[in-house]
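Everything below concerns the one structure shown next.
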Amino acid sequence: MKKIIILSLFLVGGLLFSQILPLTLDKELYGGLKGGLDTLMFICLSFIMINVGREFELDKSRWRGYISDYFIAMVTAALPWIMVSVYYMLLLPSEYFTSWDAWKENLLIGRFAAPTSAGILFTMLAAAGLQHVWIYKKTQVLAIFDDLDTILLMIPLQIMLIGMKWQLFVIIAIICVLLYFGWKKLSYYNCNQSWWAILLWAIGIVSVSNLVYIISKKFFGPEGSIHIEVLLPAFVLGMVMKHNPHHHATKTELRMTDYISYIFMLLVGLSTPLFIKGDIESLDNVVNSITASQPMMSWGEIGINVLIVTLLSNIGKLFPVLCYRDRSIYERLALSIGMFTRGEVGAGILIIALGYNLGGPILIISILSLVLNLILTGIFVIFVKKLAVKVYGKMETSEAQDLLY
């Protein structure tokens with residue numbers, strides 16, 4: 001629970017400083033600082049996604065059995081995304097409801113509500129003593145699958161925003177190669193997986209991504225540049241790292257992983273555009289999106305909308321209750337509530353949205369909804385544990401092991 005509170009505080013702290021620094025620092029100094037902080041943020045995101053990929057454990061001989069799990073995870077990710085995106089459209093003036101440009105922007109921002117925070121969820125369920133029951137095992141599969149589905153769906157969403165250009169076909173080809181490589185070499189490479197080695201890999205991924213962008217920009221100009229988001233390459237790298245069931249992370253590794261997550265959340269908050277006061281144009285922030293051009297709401301209106309968006313995003317995660325009919329309603333409900341957890345992957349989606357100059361009150365609502373879900377994570381896990389006890393009772397590990405499948 002301590003980690004959840006710290007993550008929330010860092011995200012809110014970054015949000016507050018994002019409104020102070022642009023108005024207090026020299027414009028040139030702020031521009032240079034922001035460039036460095038953005039690079040650091042993507043390094044942290046790559047580090048986090050590599051670790052998410054390392055959690056991707058599948059028995060490839062049973063691949064047919066995972067098809068239904070992937071479908072369930074896909075719908076579980078899609079429902080909150082669609083519900084939140086439609087709600088965001090209703091927050092815009094009515095004339096925008098038939099605007100395809102407005103839909104594209106809100107479909108991208110609303111995607112933050114889709115992914116479950118696998119790392120936070122697995123840690124808290126294990127701490128609650130549930131790592132030997134069906135709920136944990138199935139949640140582990142679904143959470144990873146809905147993270148993967150979120151990453152993959154970002155491609156068509158970006159295509160909708162940018163339009164069909166030849167560079168996108170290059171990006172799609174790279175994605176197909178990465179996915180094929182990840183599946184063929186799943187848990188294959190026995191490489192150093194200490195926190196500093198993963199950090200070096202993260203730096204390498206961001207460096208290659210920036211290098212491709214710089215070279216393509218030089219030859220084809222800004223409009224023809226190729227920008228590869230770090231989400232999928234980092235995730236695939238984690239997938240191909242060989243999982244060692246006998247390896248237990250040291251206190252130092254766990255501590256450094258937590259520190260990087262805290263820094264990432266702080267940097268996500270710092271990336272938020274000005275929304276309280278200030279001359280935006282003087283900071284070379286050109287408003288060229290529908291969401292960013294909307295007037296700021298009052299804090300009371302923002303608060304109400306944060307509650308509604310949080311409620312909608314979690315109602316959508318209840319889809320697994322309708323599935324796995326061979327299990328009790330309590331198990332299915334516990335599985336669904338476990339999927340409520342949000343965190344770094346959702347924050348990563350908002351960072352990508354910021355890269356397309358999307359913002360305004362809808363972005364603020366999204367960030368604060370993410371904070372609220374983080375704060376509520378401990379309560380979600382308590383409910384999951386109570387439901388698990390109702391089903392399994394206080395059984396011994398050996399008895400619980402039989403309920404994995």
Side-chain angles (χ1 to χ4, degrees), residues 38 42 45 74-115 146-175 213 222-232 268 271-273 275 280 285-297 305-306 308-309 312-313 316 342 345-370:
D38 286 348
F42 283 110
L45 178 58
M74 181 179 67
V75 177
T76 306
L79 286 177
W81 165 52
I82 293 171
M83 292 167 70
V84 169
S85 298
V86 171
Y87 182 73
Y88 283 163
M89 287 300 301
L90 295 175
L91 292 180
L92 297 177
S94 57
E95 63 265 23
Y96 286 119
F97 200 78
T98 55
S99 168
W100 177 231
D101 288 335
W103 275 102
K104 289 187 292 186
E105 293 179 16
N106 284 301
L107 284 171
L108 181 57
I109 296 178
R111 194 63 184 167
F112 92 94
D146 89 355
D147 280 355
L148 177 60
D149 180 72
T150 297
I151 294 168
L152 295 179
L153 194 63
M154 290 303 293
I155 308 306
L157 289 175
Q158 289 172 284
I159 290 174
M160 288 192 301
L161 279 172
I162 299 172
M164 294 299 293
K165 298 180 180 180
W166 70 266
Q167 289 86 354
L168 289 174
F169 291 102
V170 174
I171 294 173
I172 291 172
I174 293 172
I175 289 167
Y213 172 73
E223 294 297 322
S225 59
I226 298 173
H227 186 69
I228 303 171
E229 302 292 351
V230 300
L231 289 173
L232 186 60
V268 169
S271 298
T272 308
F275 62 89
I280 294 177
N285 250 333
V286 180
V287 176
N288 56 5
S289 67
I290 294 171
T291 52
S293 65
Q294 299 306 304
M296 188 51 58
M297 300 175 181
N305 284 304
V306 166
I308 294 173
V309 167
L312 289 175
S313 64
R342 305 302 202 284
V345 180
I349 301 302
L350 294 179
I351 289 303
I352 294 174
L354 280 169
Y356 291 97
N357 295 314
L358 309 184
I362 286 175
L363 178 70
I364 306 306
I365 291 168
S366 300
I367 292 176
L368 294 179
S369 176
L370 192 64

Here the salt bridge (Lys or Arg N to Asp or Glu O under 4.0 Å) pairs for residues 148-158, sequence neighbours left out, are Arg111-Asp149
Residue pairs meeting salt bridge (Lys or Arg N to Asp or Glu O under 4.0 Å), one or both in residues 346-369, sequence neighbours left out, come to none
Side chains of [X] and [Y], heavy atoms from C-beta outward: is any pair under 4.5 Å?
X: Leu90; Y: Tyr96; value: no
X: Ile352; Y: Leu157; value: no
X: Met89; Y: Ser99; value: no

Got a sec, which residues hit side-chain hydrogen bond (donor to acceptor under 3.5 Å, both in side chains) with [X], two or more places apart in sequence or on another chain?
X: Asp146; value: Thr116, Lys317
X: Ser313; value: none
X: Thr291; value: Glu105
X: Ser369; value: Thr310

request  = Just do the side-chain contact (heavy atoms from CB on, under 4.5 Å) check on Ile362 and Leu92 with the steps written out, would you?
outcome  = CA-CA 9 Å; Ile362 286 175; Leu92 297 177; 4.1 Å; yes
Between Leu358 and the options Leu363, Leu108, Asn106, the side chain to side chain contact (heavy atoms under 4.5 Å, CB included) test singles out Leu108
**Item:** side-chain contact (heavy atoms from CB on, under 4.5 Å) assessment of Asp38 paired with Ser271
**Value:** CA-CA 8 Å; Asp38 286 348; Ser271 298; 3.8 Å; yes
With [X], which residues qualify under side-chain contact (heavy atoms from CB on, under 4.5 Å), at least two apart?
X: Pro295; answer: none
X: Met297; answer: Leu91, Glu301, Ile302, Asn305, Pro361, Ile365
X: Ser85; answer: Trp81, Leu107
X: Met83; answer: Leu312, Ile315

Scanning both residues in full, the closest heavy-atom pair of Ala77 with Ala114 reads O-CB, 3.3 Å
Correct closest heavy-atom pair for Gly346 and Leu370 would be C-CD2, 4.4 Å
(request) Return the orientation label for the Trp103 and Phe97 ring planes: parallel under 30°, perpendicular over 60°, tilted otherwise. (result) perpendicular
Distance col, row Leu79:CG vs Met74:CE, nearest 0.5 angstrom, shows 10.0 Å
